Amino acid sequence: ACGSESTSAGSRGEPQSGGTLTIALPNYPEEGLNPHLGGAIGPTQVLRNSFDSLVAADYDESFHPWLAESWTISEDGLVYEFKLRNDVTFHDGEKFDAAAVKANFDLVIDGQYAPAVKNSTFRTLKSAEVVDDYTVRLTQSEPAADFLHTLSSLQGAIVSPKSLKSGIRDSGGVGLAGTGPFILTRVVPGQELDFEKYKDYKWPPGTAHHQGAAYLDKLVVKYAPEPSVRAGLLSSGEVDAIAAVAPNDVPLFKDAEGFQYEYKGSNVAPTSLYFNTTSGPTKDVRVRKALQNGADVDALVKAVLKDNAERAWGIVQPQSKFYDKKVESAYGNDVDLANKLLDEAGWTGKNGEGIRTSTAGEPLVVRLIATEPVPTLKTILEGYQAQLRQNIGVNVDLQFRDEGTVDKVRETNAYELFPRSVGGVYPGVVLDKVYSSTGAINGPKLTDPQVDGWLDAARYATDEKVVKENFDKVAQYALIDQVTTLPLYTDRSSVAAKSTVHDITYFIDPPRGLLNGWAYNTWIEQ
Amino acid sequence: MTAPLLSRDGDATRLPDQAADTLVTIRGLKVSFDGVRRLDGTHHHVVDDVDLTVTRGKILAVVGESGSGKSVTARTLVGLAGTGARVTARRFDMFGEDVTNYTERDWRRLRGRRVGFVLQDALTSLDPLKTIEQEIAEGLDPTLSKTGRAERVTELLAAVGIPEPQERRRQYPHQLSGGQRQRALIASAIAGDPGLLIADEPTTALDVTIQAQILELIAGMARQGRGVILISHDLSVVANLADEVLVMHEGRIVESGPVRQVIDTPSHDYTRQLIAAVPGAHSRGRRLALESAPRVTTRTAPLSDRPAVVEVNGVGKWYRARGGREFRAAEQVSFVVRPGEIVGLVGESGSGKSTVAKIVTGLLRPDAGEVVVAGTEWSSSRTRRAHLGLVQLIAQDSLGSFDPRYTVREIIAETVRLRIRDRRQRNRRIAELLDLVRLPADTIDRLPRHLSGGQRQRVSIARALGCEPRVLVCDEPVSALDVSVQAQILDLVDDLRAHTDAALLFISHDIGVIHHLADTVLVMHRGRIVERGAAHEVFTNPTDDYTRSLISAVPVL
Amino acid sequence: MSIAPPQRPAEVDAEHAESILQVSAAARVSAHRRFVARYVTEKVLSAVFVLWAAASLSFLAVHLAPGDPALMLMGEVKTPELRATIEADWGLDEPLITQYLDYFGRLLSGDLGYSYVQRVPVNEILFGPRLLNSAKLTVFAALLAVLLAVVVAVLSASRRGPGSALLNIVELTFASVPSFWLGLVLISVFAFGLGWFPVTAGSELQKLILPGFTLALPLAAVLAQVIREGIERSLEQPYSVTALMRGISHAQLKRRHALRHSLIPATTLAGWSVGGMLTGTVIVEQVFGRSGIGQATVTAVRQQDIPVVLGIALAAATIYVLVNTVVDILYVWIDPRLKAA
Amino acid sequence: MASANPTLAPAPGVIATRKVSARLPFGVVVSLLYLAVLTLAVVAPGLLATQDPLFSDVTRALLPPSLHNPLGTDHLGRDVLTRIIHGARYSLFIGVASTVLGVAVGVVLGLVAGASHRLVNEGISRFFDVIGAFPDLLFALMLITFTGPGTWNLIFAIGIASAPRYGRIVRAETLRVKESEYVAQARLTLTSGVRNAVKHILPNALGTVPILATLGVGTAILGAAGLSFLGFGPEPPQPEWGSMLSEARSDLRVAWWAGFFPGLFITLTVIAVSVVGRHLQLRFERRREA
Ligand SMILES: Nc1ncnc2c1ncn2[C@@H]1O[C@H](COP(=O)(O)OP(=O)(O)OP(=O)(O)O)[C@@H](O)[C@H]1O
Ligand SMILES: Nc1ncnc2c1ncn2[C@@H]1O[C@H](COP(=O)(O)OP(=O)(O)OP(=O)(O)O)[C@@H](O)[C@H]1O
Ligand SMILES: [Mg+2]
Ligand SMILES: [Mg+2]
């Protein structure tokens with residue numbers, strides 16, 4: 001389902017070795033250069049070039065061997081046993097073995113090292129044991145459907161235990177050794193990362209297109225936060241490739257002579273607008289439904305975000321096997337209906353600015369609290385805001401606050417609308433966070449035992465069909481019956497490059513569609 | 001600053017060449033400025049039809065009141081008449097060369113090397129950021145070696161009579177006294193050994209004793225065979241020095257000739273007026289300004305009979321100087337002023353005159369002694385406030401003593417208000433006061449900065465009279481004014497005595513002014529009163545050495 | 001904005017200095033030394049005071065702001081473990097005065113604290129290559145600005161005509177254009193349009209040129225105006241006319257006399273310029289994707305990384321105070337009259 | 001360049017044609033006209049723009065300038081000209097409000113410092129030094145770290161950061177006026193120091209404030225634009241120029257108009273304000289020197 005258009009990667013000629021690839025990315029990994037700590041998403045992903053994980057995920061959410069040759073999962077889903085490759089050496093010459101893996105996971109679940117990671121991504125991991133030199137056993141406290149996803153992510157990367165004992169453990173950087181196809185050789189904080197080919201590399205993931213060392217001799221990653229600057233850098237030939245192409249810059253490269261443009265959709269949950277069911281006007285389901293129908297989100301996403309995002313319809317990703325196509329166009333963009341609903345809900349007046357008022361004369365204002373404006377989200381929200389005002393006379397009070405304030409606002413229930421793309425790869429985890437009464441990011445503020453029931457049922461089901469049935473019920477509830485959610489769009493990661501660069505889609509990481517600039521498969525026509 | 005365009009008037013006929021002793025020959029010089037025109041749009045000639053001849057070894061003096069065109073004339077001689085200047089002349093020869101077609105480059109060759117120029121503003125004519133040596137060296141041959149340069153500078157400084165020239169040359173202008181600065185300036189002007197020296201008011205800002213020295217220095221320059229043009233607004237300054245004098249008035253030369261002839265038998269009204277306006281021993285009891293109304297009354301009763309209104313008893317004031325040393329600005333100062341009496345206070349700059357004035361007015365609290373005004377202890381602010389308006393001050397810088405936002409009316413109202421509460425009456429009184437100081441009625445709603453210096457001083461006097469003070473302290477009220485304007489103000493002050501019976505403390509560094517006006521004189525030197533007595537007595541028969549040197553330095557007509 | 005603008009002595013003071021000048025040359029030299037020593041000491045002490053107060057202000061900002069200091073210091077990701085670490089690091093359970101003294105102890109030993117967001121000592125964020133990068137940029141831009149300003153001012157001073165009017169408009173525009181906008185325009189034209197200067201490729205100097213100009217142009221515009229005004233004012237002074245009377249040319253006059261005078265008002269702007277530079281880097285580094293203190297600032301503010309923000313603020317204040325103190329001391333050299341004050 | 005005595009009134013019947021007493025320089029006239037139009041936009045934007053600044057039609061996004069949209073449309077299909085006209089209110093408001101805040105704080109503290117005895121004077125000047133030691137925008141950023149973004153916080157941050165600039169000048173002026181001859185003279189006629197302060201010191205010390213404030217508005221507008229660029233600007237959909245400009249910058253390569261015109265208006269406004277401010281300053285200085 002992920003749209004890959006234009007010239008297909010690697011179609012022209014035999015891959016050639018050698019050369020330096022310079023790529024411009026938007027944001028430098030300010031959180032540091034330690035793969036464990038850098039967060040599940042975001043700029044740290046570029047470290048994928050240096051760090052391998054035990055397993056590799058593919059777009060279809062199937063898993064492939066990587067540092068682990070094979071693995072078994074116990075019946076109860078608690079014990080994972082990995083058979084490791086025995087020919088792997090860290091960049092610093094250390095041997096990769098079960099002890100190294102154990103050392104990594106022991107550290108990760110130690111609260112001191114990475115409390116945030118321990119409490120979220122690895123919350124279910126209980127212990128790691130060495131079975132023999134090349135066999136390691138990971139035990140969980142409760143079954144977690146997304147554990148392999150976790151292991152395949154950058155946070156599951158295996159770092160040389162020796163370098164983990166050095167002073168740069170927390171901040172990362174040159175010297176923190178992984179097993180990846182490239183070695184980080186130079187760091188200019190905030191500006192540039194240089195990688196060199198790891199000549200002895202011969203353990204690519206099962207998803208890779210070739211074997212042995214990477215094609216490129218060098219990979220230079222530069223950072224340019226301004227989209228127009230990035231576009232300029234590529235057009236003027238200063239860099240070979242850029243990522244995160246601004247929607248309006250796409251025509252500069254897509255189908256343009258000498259350039260290519262690629263994008264991949266993300267498998268992370270769609271960015272959605274959650275309606276608070278416990279505060280203000282949105283307590284009324286009719287108002288919520290009006291808010292869901294009052295804007296033509298479809299047109300907005302297409303016109304404004306262009307190739308940068310795809311309209312989202314469901315509460316799970318379209319790429320997911322749990323996605324149900326029938327949600328598409330099942331709701332939304334019915335302005336008449338929205339107006340009728342608001343009339344019914346008692347918002348019949350109009351004030352001087354064209355905003356609906358209650359019989360008591362109060363204007364219909366809904367507070368929308370968003371974090372730090374990401375350009376895409378900001379644009380869509382602004383467009384949504386404008387449409388609601390024009391179409392149905394609702395004043396959306398758009399506020400951008402920092403993460404901490406947003407948390408506080410959610411705690412104090414001082415909002416009606418809350419946009420978020422909830423992190424997590426496995427849909428169950430995401431839905432839990434959003435809709436369960438104990439969910440960490442329960443934007444709609446639901447406390448419906450019925451919903452909790454469906455979510456539990458999905459969690460403990462082993463049969464995928466049962467899981468899907470329950471997900472569908474939640475979807476029906478959230479989108480149609482109780483109208484707690486308006487899915488907006490799914491992010492796409494985009495890259496553009498000179499046409500001499502081949503296989504640039506691998507800069508985008510499956511299955512999340514995250515940008516990581518993974519250059520193992522990439523080669524340059526000499 | 002572009003080089004002035006010099007063009008010769010059409011019908012000019014060249015005079016036969018004069019002797020080689022003639023340095024400058026100018027006939028029919030006219031200067032006007034682009035930005036300044038008459039109301040009918042024609043050029044206003046700031047310098048109009050001036051003839052001028054400078055001879056080697058002779059001093060030519062140019063006198064005239066402020067704005068008469070003296071400086072412009074002088075500056076035309078070096079091609080720096082000013083921005084937008086238009087210069088024309090029938091004849092303009094310098095050092096035997098016709099300069100009519102001089103380019104800026106030609107002029108530059110002339111400046112410094114053939115004509116040395118000492119500018120009017122002595123205190124600010126040396127670059128404060130350069131040492132004396134750097135300044136003087138600018139006029140020297142640039143190829144001179146460093147030591148050669150230093151030697152030459154030392155020589156020059158010694159030649160103009162600066163002590164310790166070896167040391168001084170490395171100092172900055174602010175480290176020199178006014179007189180020394182003026183000398184250094186002259187040294188820099190003669191550095192290129194010019195044949196002609198032009199000194200534009202070289203002594204205006206200086207004390208009489210120093211003035212005398214500088215004038216002597218300039219006379220020496222002429223004796224060495226240079227031609228000298230000496231510009232001054234004060235006839236008495238040039239009287240004993242110059243060979244020839246030109247009197248300028250509104251851009252024209254109204255009289256010229258050998259200096260004694262002009263002073264003794266002036267032929268032009270303006271010259272007569274100028275001479276009459278010079279205050280001094282000869283003018284006591286006379287009007288200075290010829291057009292002033294005749295004296296109102298003459299004093300009759302002997303002053304010493306009347307009780308003093310101001311008693312200053314052993315007053316002292318000390319400041320903390322640099323390095324924590326104590327500096328005594330005034331010490332053991334005692335005197336009295338009686339109603340209707342004018343007490344003159346003279347002394348050189350820094351002798352403590354203003355300090356005394358401030359203490360008497362109560363603006364400064366003395367560190368020792370006391371001031372009693374009309375029986376009230378005046379140094380305490382409480383008693384002073386109870387008798388507001390008893391003492392008034394006329395400052396030297398009248399503009400600075402006016403709130404810049406106030407009109408003449410508001411300024412005068414400040415004091416009048418103390419005596420008259422009713423608004424209508426007050427306005428009438430203000431009009432009266434304006435009339436008294438002979439200010440046109442239409443000045444009443446103007447801002448002082450739009451008035452001339454003399455008019456401002458009148459406003460200041462009117463304000464002081466507004467509350468009918470019993471004591472009037474005048475701190476150098478005329479030192480910034482032209483002689484003719486000064487004459488009017490002095491006449492006015494003289495009238496006050498008759499009109500108001502106020503006690504006057506009149507401060508000036510100009511002995512002539514004090515001699516002309518005061519009944520009693522106090523001579524101050526380094527914070528102390530070194531001599532006192534009836535004015536005529538003190539000035540004709542000084543007992544103190546300092547007083548004597550002061551008086552001998554005063555130029556007389 | 002300079003710290004305590006130096007007092008200009010009134011002209012008259014010099015006259016009264018006469019009696020003091022009668023002392024021997026040796027005494028004069030030592031008096032001069034003593035004056036300079038006292039002046040410098042005064043300036044340094046006042047700088048130290050300002051820095052102390054600035055540091056205290058930062059401390060107060062954390063402790064007096066509403067809310068829990070530990071929560072504030074954490075950044076966006078808040079966990080109990082982190083809280084415990086912070087409480088231990090900052091000694092938050094101890095009395096405020098102890099904390100304050102500790103804080104100062106750490107500052108004095110050069111420790112600006114720890115960034116719980118980036119998990120590195122603040123020092124490492126500030127004083128690594130970032131500082132070097134920013135220093136390169138600002139020093140380059142400062143030199144460029146001064147050079148441009150002086151050349152433009154000297155060449156254009158006391159000239160009237162269409163050229164000077166145009167120049168005035170150009171200067172005003174540079175001084176009034178938002179700097180990020182200027183940066184983007186410069187990039188579009190010179191990097192992408194004409195291809196003269198690369199943004200990220202090329203030698204270090206090449207990379208400096210565009211951001212350097214972005215930072216320098218607005219500053220140069222203001223400086224040029226101030227210097228020109230100073231020159232023109234100085235050209236009207238009697239000493240300038242006197243100098244002309246010695247036969248020097250106008251060009252020499254401007255160079256030898258007027259320029260130095262114009263530096264006096266221009267150096268007063270040094271503080272302002274430093275401030276402008278420091279904030280300019282925040283924006284310019286963002287536009288050009290240069291790493292540096294400015295970029296670190298924006299990131300830290302976004303991430304609510306208070307220790308880093310405070311560290312940067314303190315560092316900026318220190319630089320600012322240092323530069324201003326140096327400038328104040330330089331005044332003695334530029335303007336000898338100060339010694340008479 | 002003559003050392004002509006400046007206090008000299010010209011001879012009777014002579015006028016100085018070069019003195020620009022009554023006539024305003026051309027630049028000032030143009031600036032004032034521009035500011036007048038801007039004021040109109042602030043007071044009655046509806047008179048200048050007939051469209052709705054918030055009306056968005058995404059199908060008409062990023063259209064180049066045309067008859068219907070003289071300055072083109074932005075990324076949400078809103079009319080750029082209309083938004084600029086309506087945005088004048090926000091941009092000027094931010095500029096003026098933060099200046100007013102800075103001036104108010106600066107003037108009060110500066111006056112108190114100038115009028116007080118040594119200790120208070122020293123204390124307040126040091127306070128200015130300390131606040132002034134943090135560069136303006138950095139100090140504003142620091143405040144924003146604590147207060148969060150938003151229009152009011154922006155105004156607060158910029159205002160407080162600029163306060164020392166005004167405070168220092170007011171303090172110096174107060175000291176100067178306090179030492180002036182006319183204040184001394186007034187002591188001879190006024191019954192109390194308070195009266196003197198009210199009648200002479202205050203009005204003269206504050207003479208430069210309106211000028212400083214005028215110049216400060218430009219600086220504040222630029223500061224706000226900078227903060228908008230960094231993402232700490234006012235909240236959408238306010239058509240504030242700084243945020244319009246910074247929003248449009250990613251479209252720079254395909255739709256220059258969406259950002260160029262807001263940028264142009266910021267620049268023009270800052271120029272106009274500083275031209276007027278400098279003219280006032282010049283007149284003030286000339287008056288003081290005369
Ligand atoms: N550059 C100039 N532009 C316009 N007018 C000028 C210029 N220089 C001098 N003037 C005018 O020319 C007249 C004569 O000036 P000048 O300086 O020669 O007077 P002065 O006799 O030297 O007076 P003072 O005794 O005050 O020095 C004055 O009215 C003055 O205003
Ligand atoms: N506030 C002060 N602090 C320190 N010294 C001062 C102060 N005021 C005056 N002096 C010194 O006291 C001395 C006397 O000053 P004063 O103003 O009374 O002199 P003056 O006779 O009026 O001189 P002038 O003729 O120049 O006006 C001078 O040496 C001056 O430097
Ligand atoms: Mg003159
Ligand atoms: Mg005096």
Side-chain angles (χ1 to χ4, degrees), chain C residues 1-5 46 49-51 53-54 56-58 61 65 72 158 165 168-169 172-173 175-181 184-185 188 192 235-236 238 240-241 271-272 274-280 282-283 286-287 297-298 300-302 304-306 309-310 312-313 316-318 320-321 324, chain D residues 1-3 26-27 125-149 164-165 168 172 218 221-226 228-232 241-242 245-246 249 252-253 256 259-260 262-264 266-275 278:
Chain C
M1 254 196 303
S2 122
I3 290 170
S46 113
F49 170 84
V50 169
L51 286 181
S56 302
L57 196 72
S58 307
M72 200 186 306
S158 68
N168 202 9
I169 292 173
L172 257 176
T173 308
S176 308
V177 75
S179 60
F180 63 93
W181 191 231
L184 288 173
V185 170
S188 301
F192 304 149
L235 287 180
E236 285 166 13
S240 292
V241 184
W272 173 83
V274 172
M277 287 272 171
L278 290 175
T279 52
V282 174
I283 281 165
Q286 194 72 11
V287 171
T297 312
V298 178
V301 173
R302 290 234 173 92
Q304 299 256 295
D305 194 347
I306 302 255
V309 173
L310 291 181
I312 289 170
T318 309
Y320 183 93
V321 169
N324 275 296
Chain D
M1 191 165 292
S3 55
F26 180 67
S125 337
R126 293 301 133 198
F127 174 73
F128 286 149
D129 283 352
V130 175
I131 302 293
F134 299 104
D136 277 18
L137 193 71
L138 214 58
F139 189 72
L141 273 178
M142 224 170 105
L143 286 179
I144 285 175
T145 320
F146 290 101
T147 60
R165 214 171 40 221
R168 280 191 184 136
I221 291 177
L222 277 186
S228 280
F229 164 80
L230 296 175
F232 308 108
W241 294 347
L245 171 54
S246 70
R249 70 181 194 268
L252 181 62
R253 295 183 67 75
W256 56 271
F260 176 80
L264 181 72
I266 291 180
T267 309
L268 286 182
T269 307
V270 177
I271 290 179
V273 162
S274 31
V275 165
R278 280 195 339 197

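The sequence lines fix the lettering, A, B, ..., with proteins before strands; numbering per chain opens at 1. All figures in this text were calculated on a predicted structure; none of them were measured in a lab.
- When each of L141(D), I131(D), V130(D), I144(D) is scored by its heavy-atom pairs under 4.5 Å with chain C, the top score falls to V130(D).
- Heavy atoms closer than 4.5 Å to chain C are found in both the backbone and the side chain of I271(D).
- Both the backbone and the side chain of F260(D) have a heavy atom closer than 4.5 Å to some heavy atom of chain C.
- Ranking L278(C), L172(C), T279(C), L51(C) against chain D, the residue ahead of the rest is T279(C), based on heavy-atom pairs under 4.5 Å.
- Taking OG of S176(C) as the reference point, atom CD1 of I266(D) lies at 11.0 Å (rounded to 0.5 Å).
- In F49(C), the CZ atom is crowded: over 12 heavy atoms of neighbouring residues, nucleotides or ligands sit closer than 6.0 Å.
- Using a 4.5 Å cut-off between heavy atoms, S125(D) makes no contact with chain C at all.
- Counting heavy-atom pairs closer than 4.5 Å to chain D, the top residue among L57(C), T173(C), N168(C) is T173(C).
- Chain C forms more heavy-atom pairs under 4.5 Å with one residue of L264(D), I221(D), L245(D), T269(D) than with any other, namely L245(D).
- Heavy atoms closer than 4.5 Å to chain D are found in the side chain of L310(C), but not in its backbone.
- There is no contact between S179(C) and chain D, counting heavy-atom distances below 4.5 Å.
- Between I283(C) and L137(D), the closest side-chain pair of non-hydrogen atoms falls below 4.5 Å.
- Between G263(D) and W181(C), the shortest heavy-atom distance links the atoms CA-NE1, 4.1 Å.
- Neither the backbone nor the side chain of A165(C) comes within contact range of chain D; no heavy atoms are under 4.5 Å apart.
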